[in-house]
There are 2 protein chains.
Amino acid sequence: MDDHEFITQLQKLGTTIRELRSARGFSQESFADACGLDRTYVGGVERGERNLGFKNLLRISEALDVEPSELLADISAKSGGK
Amino acid sequence: MDDHEFITQLQKLGTTIRELRSARGFSQESFADACGLDRTYVGGVERGERNLGFKNLLRISEALDVEPSELLADISAKSGGK
DNA sequence: GTGTGACTTATAGTCCGTC
DNA sequence: TGACGGACTATAAGTCACA
């Protein structure tokens, strides 16, 4: 788990969030509002630029109406991926 | 997802981590070493006192040799649970 | 081997904008 | 509607001494 690998995983998470948000017809702004977060922040999360905390992971999964573990379904901690 | 509920979920995560760590025969200290984190920090995580970030979640899942989503298997963002 | 409080530094996260 | 920036405040990261 080097730094590059971590960024890759963060970007995968961001992409997952973006896809679910779009699928639910949210703009970044209305979605940020639903999460109780800032619009510039969720934009950064979707671009994989933000190492978000556990709390915000839960808030986002709640707003998307998915289980938190589903958001990480694509994510692996191993370089090789699974 | 009020504040109390968030703490409950954090504590569940901590308990999950603690159980997996023990099952692997790690002390907090040797486990912290495997994660590249401080002993007191992982102790705080296990007690649900630390709102850990995505990065540390990945480090911990890697050290435990489980998928990140498995660590969240017990976690729900909804008050009612699932 | 673990819990805890205090502490400093890094960064999470907000708010104001512009393009 | 979303990317991006600067300046700010809140809090996570990371470490310590001591119980």
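All values below come from the heavy atoms of this structure, side chains included, with hydrogens, waters and symmetry mates left out. Values in this document were obtained by computation on a predicted structure and should not be read as measured data. Convention: sequence-line order gives letters A, B, ...; per-chain numbering from 1.
For D/dC16, its base sits under 3.5 Å from the side chain of B/T40 at one donor and acceptor pair at least.
A/F31 places its CZ atom 15 Å from the C1' atom of D/dT1, with the value rounded to the nearest Å. Counting to the nearest Å, the P atom of C/dT4 and the CZ atom of B/R50 are 13 Å from each other. One can place CG of A/L10 at 13 Å from P of C/dT11, the figure rounded to the nearest angstrom. We find that CD of B/Q28 is positioned 15 Å from C1' of D/dT15, with the value rounded to whole Å. One atom, CZ of B/F54, and another, P of D/dA13, lie 13 Å apart when rounded to the nearest Å. If you take NZ of A/K55 and C1' of C/dT11, they are 17 Å apart, rounded to a whole angstrom. Note: CG (A/D38) to P (D/dC8) measures 17 Å, nearest angstrom. Distance, B/E46 CD to C/dG3 P: 7 Å, rounded to whole Å.
Taking for each of B/E29 and A/V42 the nucleotide of DNA chain C with the nearest heavy atom, the 5'-most of the two is the partner of B/E29.
Put simply, B/N56 has a side-chain N or O that comes within less than 4.0 Å of OP1 or OP2 on D/dA13. In this structure, B/Y41 does not reach the D/dG14 phosphate: none of its side-chain N or O atoms is under 4.0 Å from OP1 or OP2. Contact between the side-chain N/O atoms of B/R39 and the OP1/OP2 oxygens of C/dG1 is not found at any separation under 4.0 Å. Proximity of A/R18 to the phosphate of D/dA3: a side-chain N or O atom is located under 4.0 Å from OP1 or OP2. Checking the phosphate oxygens (OP1, OP2) of C/dT4, a side-chain nitrogen or oxygen of B/R47 falls inside 4.0 Å.
Remark: the backbone N or O of B/V42 is not paired with any side-chain donor or acceptor of B/Q28 at under 3.5 angstrom. The backbone N or O of B/A32 lies less than 3.5 Å from no partner atom in the side chain of B/R39, so there is not a single donor-acceptor pair.
Across all strands, A/G36 comes closer than 4.0 Å only to sugar-phosphate atoms, never to a base (heavy-atom distances). Contact annotation for B/E49: backbone-only contact, meaning every heavy-atom pair under 4.0 Å involves sugar-phosphate atoms and none involves a base. Using a 4.0 Å heavy-atom distance criterion, A/R59 is classed as making no nucleic acid contact. In this structure, B/N51 reaches the sugar-phosphate backbone alone: every heavy-atom distance under 4.0 Å involves primed, P, OP1 or OP2 atoms, never a base.
D/dT1: no Watson-Crick or G-U partner with both key distances under 3.5 Å is found in any strand.
Residue B/L13 forms a side-chain contact (heavy atoms from CB on, under 4.5 Å) with just one option from B/L52, B/V45, B/D74, and that option is B/L52. Partner of A/S61 under the side-chain contact (heavy atoms from CB on, under 4.5 Å) criterion, out of A/I17, A/V66, A/N56: A/V66 alone.
Atom CD in A/E29 sits 9.5 Å away from atom CG in A/D38 (nearest 0.5 Å).
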